Amino acid sequence: MPDQYIELEKAVTTLKKGGIILYPTDTILGIGCDATNAEAIDKIYALKKREESKSMICLVSDFKMLQQYVEEVPEVAYDILKYATKATTIIYDRPLRVAENVIAKDNTLGIRVVRDPFCSKLIRKLKRPIISTSANISGAPSPKNLKEISNAILEGVDYVVNLPLQNKGVKPSSIIKIGGDSTVKIIRK
């Protein structure tokens with residue numbers, strides 16, 4: 001069994017050097033980097049062969065970190081997250097302190113407060129949010145396990161976190177957009 005502490009240290013070291021990692025998230029296997037590092041984000045877009053107009057999700061460790069990266073967190077967001085029964089990403093207006101190339105053209109960013117203990121420790125140790133996007137070439141199905149990940153992805157990341165995916169569902173998060181007037185729109189259930 002891999003040592004979680006060693007995996008955590010190696011992943012954080014890679015992220016601090018501007019590298020990209022393959023890691024188990026609170027939903028699916030993901031590719032990630034420091035959300036404040038534009039060059040690392042560009043590497044993910046290139047690796048996935050993904051259009052830069054398609055935004056990626058940002059992960060934070062807790063509500064306190066969420067408040068540091070969004071100009072104003074609507075009150076309704078706290079209620080949604082408090083009562084959500086599955087991983088939920090909320091698209092917020094006016095994100096702060098993240099790389100410009102992760103912010104959508106309409107000045108929004110999807111952010112998820114993680115529930116997974118490893119992801120939470122990883123983000124806390126890095127002291128910055130991390131990017132999360134599925135570990136596949138754009139348009140290909142999301143892998144359900146390490147064996148389904150293409151060689152291009154495995155060879156393109158700087159470090160593969162050697163820990164099992166802890167969740168049972170292996171499904172992407174729900175995505176909800178909260179408008180400036182606190183209107184709630186479900187993007188993905």
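None of the values given here were measured: they were computed from a predicted structure.
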Inset, instruction - Could you point out which residue of V60, I90, L66, L59 forms a side chain to side chain contact (heavy atoms under 4.5 Å, CB included) with R112? - result: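 Among V60, I90, L66, L59, the one that satisfies the side chain to side chain contact (heavy atoms under 4.5 Å, CB included) with R112 is L59.
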
Donor-acceptor contact present, side-chain [X] to main-chain [Y], <3.5 Å:
X	Y	answer
Y159	V12	no
K43	G18	yes
E7	N162	yes
K48	S134	yes
N101	A38	yes

Inset, instruction - Indicate whether the side chain of T27 and that of S173 have a donor and an acceptor atom separated by less than 3.5 Å. - result: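 No - no donor-acceptor pair under 3.5 Å links their side chains.
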
Legend entry - Other residues, nucleotides, ligands: >12 heavy atoms within 6.0 Å of E52 CD: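 Yes, enclosed.
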
Inset, instruction - May I ask you to check whether over 12 heavy atoms, not counting those of K86, lie within 6.0 Å of atom NZ? - result: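 Check passes, neighbour count above 12.
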
Please report the closest heavy-atom contact between [X] and [Y], naming both atoms and the distance.
X	Y	value
P143	E148	CA-OE1, 3.6 Å
V98	P129	CG1-CG, 4.4 Å
Q4	F118	CG-CD1, 3.7 Å
P24	L163	CG-O, 3.8 Å
I44	G32	CD1-C, 3.8 Å
A40	I20	O-CG2, 3.7 Å

Inset, instruction - Please lay out, stage by stage, how T25 and D116 fare under the test side-chain contact (heavy atoms from CB on, under 4.5 Å). - result: CA-CA 7 Å; T25 72; D116 177 76; over 6 Å; no

Does a side-chain heavy-atom distance below 4.5 Å link [X] with [Y]?
X	Y	value
Y23	I130	yes
S55	K105	no
I137	S150	yes
C33	I41	yes
S138	E51	no
D158	K17	no
D62	M65	yes
D93	N107	no

Inset, instruction - Consider only side-chain heavy atoms of I, L, V, M, F, W and Y, link residues closer than 4.5 Å, and tell whether L96 and V113 are in one cluster. - result: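 Unlinked, L96 and V113 end up in two clusters.
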
Gap between atom [atom2] of [Y] and atom [atom1] of [X] - 0.5 Å precision:
X	Y	atom1	atom2	answer
C58	I131	SG	CD1	5.0 Å
N145	I28	CG	CD1	12.5 Å
L15	I21	CG	CD1	4.5 Å
K82	T88	NZ	OG1	15.0 Å
K177	I187	NZ	CD1	7.0 Å
E9	T14	CD	OG1	11.0 Å

Legend entry - Note: R128-D34 ion pair, threshold 4.0 Å (strictly below):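 Yes, this pair counts.
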
Inset, instruction - Show your working on side-chain contact (heavy atoms from CB on, under 4.5 Å) between I178 and I80 and close with a plain yes or no. - result: CA-CA 10 Å; I178 299 178; I80 290 168; 4.1 Å; yes

